[in-house]
Amino acid sequence: VSNFQIIESTLREGEQFANAFFSTETKIAIAKALDEFGVDYIELTSPVASEQSRKDCEAICKLGLKSKILTHIRCHMDDARVAVETGVDGVDVVIGTSQFLRDYSHGKDMMYITQSAIEVIEYVKSKGIEIRFSSEDSFRSDLVDLLNIYRTVDKIGVNRVGIADTVGCANPRQVYELVNTLKSVVSCDIECHFHNDTGCAIANAYTALEAGARLIDVSVLGIGERNGITPLGGLMARMIAADRDYVLSKYKLHKLRDLETLVAESVRVNIPFNNPITGFCAFTHKAGVHAKSILADPSTYEILSPSDFGLTRYIHFANRLTGWNAIKSRVDQLNLQLSDQQCQEVTAKIKKLGDVRRLNIDDVDSIIKDFHAYVTTPVV
Ligand code: HCA
Ligand code: CU
């Protein structure tokens, strides 16, 4: 799974998210933030989608970012001619290969698909621009059709071929099989794109890398059509657990939260409470047993280290599940002196109130301070 690359599609797939409307300024701000984070590629909406989309694509190409800029087009010469004039470093071409899309979307047969693929690929290559060929709805396409077309485009010399789980139907085992099979048919890199309809988008991305894919399509917070695709942050969480050195050497993880906040605000959503890494409670430990171990050694209950992302852990002590170790650490924070025995006593009081109602930090602090005053006041 090492040596993977990211194709960041917030400004393409993400624009297909129901709430998305990106002004030129917002697109530029997002592109710069993605570049600073260190993504390998930034994918932009097709320049034929609208006049402004084309202008925005040209403007982003002129920013001189380190990330390579891609645009995403249908497998059609009309689109390709416009795309190569925008200044992009590469073009991602896609065409539906499943019977569903052949019948109801573009209505073309495999012969036609293959011919237009060859024409578009040769044209884009002749302009000295990177080219990726992807089949839409790959997991519901005929395997023989798929392998045939991938073999053909590989021979012409595409930089990458792509597999797309357009409807989010694939499970990790199917992903492993398909990528593994494709690996034996093509010599170019394999890119994968997973929708998250059944919650498998991160697992599928990881499995694809295990099976030999090299590039994963992501978007910030996973925004995209329907409930979206593999999220950048979630993939970072998965990958840092697998290969910390590589991930830390490549990506500026400290910038993740600001990047997510920028995108969340521009599409008017909150960062989900259970988001990997940046969900508000992602590094919060609550149960007494957990808190005790975390205070002794964080690796007991943390696979990810908050400091890798510029974040801090939090011990949630204001509740009835708390334990005296957590309370003792709060006593220390308050700069009060209580013995272990006294900490256990005050913890019992906190739990008692916690059985009656929801506690907040102030409640606990008051109980601790009252208790401290009581035990330290000399009897007269
Ligand atoms: C779509 C297209 C796509 C393309 C993926 C790709 C998909 O919006 O339907 O270029 O690999 O999910 O198939 O996003
Ligand atoms: Cu998609």
Side-chain angles (χ1 to χ4, degrees), residues 5-18 20 40-50 53 57 68-76 79-80 83 88 90-106 108 113 116-117 120-121 124 130-141 146 149-150 153 158-170 174-175 178-179 182 186 188-202 204-205 208-209 213-232 235:
Q5 293 192 319
I6 287 176
I7 307 229
E8 219 298 332
S9 193
T10 299
L11 296 176
R12 195 283 294 173
E13 178 76 50
E15 210 180 0
Q16 296 172 227
F17 171 50
D40 303 273
Y41 291 90
I42 295 173
E43 188 180 68
L44 306 176
T45 293
S46 171
V48 304
S50 73
S53 299
C57 179
K68 288 189 185 173
I69 309 297
L70 305 169
T71 191
H72 187 263
I73 60 167
R74 293 169 300 186
C75 188
H76 204 292
D79 291 16
V88 291
V91 176
D92 285 347
V93 173
V94 69
I95 188 160
T97 45
S98 73
Q99 204 64 51
F100 296 93
L101 300 181
R102 281 155 57 190
D103 290 349
Y104 300 110
S105 175
H106 53 70
K108 305 292 196 296
I113 291 173
S116 44
V120 168
I121 291 162
V124 174
E130 273 188 32
I131 175 94
R132 181 220 66 183
F133 175 85
S134 176
S135 68
E136 204 181 340
D137 205 6
S138 316
F139 289 87
R140 296 190 302 171
S141 298
L146 268 189
I149 192 149
Y150 285 133
V153 300
V158 290
N159 298 81
R160 314 183 291 283
V161 288
I163 292 176
D165 183 16
T166 308
V167 297
C169 63
Q174 293 169 319
V175 169
L178 184 56
V179 174
L182 182 56
V186 297
C188 64
D189 283 339
I190 299 173
E191 169 183 337
C192 291
H193 179 100
F194 297 108
H195 277 265
N196 202 31
D197 300 75
T198 66
C200 290
I202 298 172
N204 283 345
L209 293 174
R214 171 121 198 268
L215 304 102
I216 300 295
D217 292 5
V218 300
S219 67
V220 176
L221 298 171
I223 59 170
E225 282 285 341
R226 307 185 307 283
N227 81 332
I229 62 168
T230 307
L232 172 65
L235 186 67

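Just so it is clear, the values below take in all heavy atoms, side chains as well, and ignore hydrogens, waters and symmetry mates. All ligand and atom numbering here is 1-based and tracks the order in the structure.
In this structure, Arg12 is part of the shell of residues with a heavy atom less than 4.0 angstrom from ligand 1.
Considering only heavy atoms from C-beta on, Glu43 stays 4.5 Å or farther from Thr71 through its side chain. Using a 4.5 Å heavy-atom threshold, the side chains of Asn227 and Asp197 count as touching. In this structure the side chain of Cys192 never reaches within 4.5 angstrom of the side chain of Asp165, judged on heavy atoms.
Comparing heavy-atom distances from atom 6 (C) of ligand 1 across Glu136, Glu191, Arg132, Glu13 singles out Arg132 as nearest. Comparing Val94, Val167, Thr166 by heavy-atom distance to atom 13 (O) of ligand 1, the nearest is Thr166.
Figure legend: cation-pi geometry between Arg132 and Tyr41 absent, as NZ or CZ is not positioned both under 6.0 Å from the six-membered ring centre and within 45° of its axis.
Atoms of ligand 1 lying under 4.0 Å from at least one heavy atom of His195, given by number and element, are 12 (O). Listed by number with element, the atoms of ligand 1 under 4.0 Å from a non-hydrogen atom of Ala164 are 5 (C), 11 (O), 13 (O). Those atoms of ligand 1 with a heavy atom of Ser134 less than 4.0 angstrom away are 6 (C), 11 (O). Within ligand 1, the atoms closer than 4.0 Å to a non-hydrogen atom of His72 are 4 (C), 6 (C), 10 (O), numbered from 1 in the order shown. The ligand atoms of ligand 1 that sit less than 4.0 angstrom from a heavy atom of Gln16 are 8 (O).
Residue-level check: among N/O/S atoms of Glu13, OE1 sits closest to the Cu ion (ligand 2).
Of the polar atoms of Asp217, none of the N or O atoms is found under 3.5 Å from an N or O of ligand 1, judged by distance alone. Considering backbone and side-chain atoms together, Asp165 places no N or O closer than 3.5 Å to any N or O of ligand 1.
Ring orientation note: the planes of Phe194 and Phe139 are tilted relative to one another, at an angle of 30° to 60°.
Inspection of the Glu13 and Ser219 side chains reveals no N or O donor paired with an N or O acceptor under 3.5 Å.
In terms of modelled atom types and a separation under 3.5 Å, the side chain of Ser138 and the main chain of Ala164 share a donor-acceptor contact. Put simply, the side chain of Glu8 gets close to the backbone of Val220: a donor and an acceptor are under 3.5 Å apart.
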